Protein chains: 2
Amino acid sequence: MNLSPKIENFVLHCGEMGSRWGFNRTIGQMVGLLVINEHPLTANQIAEALKISRGNVSMGIKELQSWQLVKVQHIPGDRKEYYAPNGTIWDLANKVFEERRKREIDPTLTLLRDQILDTANTPEEKYAQEQMQSIHDLLETVTKWSAELQRLTPEQLQSLMKLGSSVSKVIDLKDKLLKKS
Amino acid sequence: MNLSPKIENFVLHCGEMGSRWGFNRTIGQMVGLLVINEHPLTANQIAEALKISRGNVSMGIKELQSWQLVKVQHIPGDRKEYYAPNGTIWDLANKVFEERRKREIDPTLTLLRDQILDTANTPEEKYAQEQMQSIHDLLETVTKWSAELQRLTPEQLQSLMKLGSSVSKVIDLKDKLLKKS
DNA sequence: TTTAACTTTCAATAATTACTGAACGTTTAG
DNA sequence: CTAAACGTTCAGTAATTATTGAAAGTTAAA
């Protein structure tokens, strides 16, 4: 399990980006390693390739499973577990996106819904509630949009994109069509 | 500078979410505090309200300025600096979005562009490059889309949203229109 | 100038987060 | 049943990140 320089480079980069993508360095490296290898890897292979302890691999896999990013495979007559990415690159990105929405947006949306129902007693609270309402509306829009976009295949997205490569044009389209009918 | 329970609750929540939004707890609280207050605040007021040191406020403001999330205001005859959110809620969200794209996507895109130009020497490298190509294409699509969506006003977005509340319908629309012409 | 009112910086330290490795659990082949 | 081969857990420790507060920097009024 020694990586070619090019592949190692990619894996190390994934590690550096890991924390920005929502996990930590080691887990970032694990994702990179699994994605870049055509064949599933055992926990020991991962530990060896990344030079980390066996226990750390176990915890990392657990975390990745909570994100639904890896799946376990078995080879007949072999007791070891083999780990592989749970879907295409596109699938993985969707899963990360979805999970982050749950962690970064949903809790705030819940809080704001409660707060907005309360009555404001002072002018400060009045203003505060208006702001919270704005944030709430923004987050709802973002949530709905991300759900919409996730529903599309990469091909649909790219097709939509090439339509003059501007969403504003889609709006124009819509207006035109609505006028005709 | 003592906060009403309702407002304090919101500020504390922003703190808890802070690290998920790309900063740390204290900076999250600062954003919450500035957004929820109608009037700009001085560094000392922020320190007092959040019960943190004056130096910490200074560093937090610096960080928020690098994200372009706060602006400084002055009151004539007063040497203190007053801090306020740099734009509407929508503007702030856009700035965060943009900054995160720079940190979370751009560096990887740069790396992948380089890697893809290299020639693959082994079958493993061949596969690795195909995967890197997929990731690259995905990130480019995401980048372009986020740029498109950011260009729209909240009103445009919501109008587009209400169009049967499904982007797939827009694609259908497009197809219909193209057939007609 | 000097001094007072402010802001910034940064070394020391506190708080948080990640990692190791040994102990324990589980499964299966012999 | 026993031992070997694997996976998991978690207390202790290492690494990283955030915070304080004292010192230094800046500005402007007197």
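Note that these values count all heavy atoms, side chains included, but never hydrogens, waters or copies made by symmetry. In this text the structure is predicted, and so the values were computed from the model without any measurement. First the proteins, then the strands, lettered A, B, ... as listed; each starts at 1.
Classification of B:K126 and B:E130 as a salt-bridged pair holds, one side-chain N sitting under 4.0 Å from a carboxylate O.
Following rounding to the nearest Å, A:K51 (NZ) and C:dT20 (C1') show an atom-to-atom distance of 17 Å. Rounding to whole angstrom units, CG of residue A:D78 and P of C:dA29 are separated by 11 Å. Rounded to whole Å, the distance from CZ on A:R79 to C1' on C:dG30 is 12 Å. The nearest whole Å value for the distance from the CG atom in B:N24 to the C1' atom in C:dT16 is 11 Å. Atom NZ in A:K80 sits roughly 18 Å away from atom P in C:dT27 (whole-Å rounding). Distance CD (B:E63) to P (C:dT7): 19 Å, rounded to an integer number of Å.
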Taking only N/O atoms, report every protein-nucleotides 8-12 of chain C pair under 3.5 Å with atom names and distance.
from: C:dT8; atom 1: OP2; to: B:S58; atom 2: OG; distance (Å): 2.9
from: C:dT9; atom 1: OP2; to: B:K62; atom 2: NZ; distance (Å): 3.3

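No side-chain donor-acceptor contact under 3.5 Å links A:E124 and B:S4. With hydrogens and angles left out, the side-chain atoms of A:N44 and A:E48 include no donor and acceptor closer than 3.5 Å. Side-chain contact of B:D137 with B:S134: a donor-acceptor pair under 3.5 Å is absent, judged by distance alone.
Taking a heavy-atom distance under 4.0 Å as the criterion, the stretch of DNA chain D touched by chain A extends 5' to 3' from D:dA4 to D:dC10.
Within the model, atoms CG of A:L3 and CD of B:E125 stand 11.0 Å from one another, a figure rounded to the nearest 0.5 Å. Between the CZ atom of A:R20 and the CZ atom of B:R100 there is a distance of 11.5 Å, given to the nearest 0.5 Å.
A side-chain contact (heavy atoms from CB on, under 4.5 Å) with A:L34 holds for exactly one of A:V11, A:L92, A:V70; it is A:V70.
Remark: A:K95 NZ is packed, more than 12 non-hydrogen atoms of other residues, nucleotides or ligands lying under 6.0 Å away.
Comparing A:Y82 and B:I52 along DNA chain D, the residue whose closest nucleotide (by nearest heavy atom) sits nearer the 5' end is A:Y82.
The cluster map of Ile, Leu, Val, Met, Phe, Trp and Tyr, joined by side-chain heavy atoms under 4.5 Å apart, puts B:W145 and A:I105 in the same cluster.
Heavy atoms of B:T26 sit under 4.0 angstrom from primed sugar atoms or phosphate atoms, though from no base atom.
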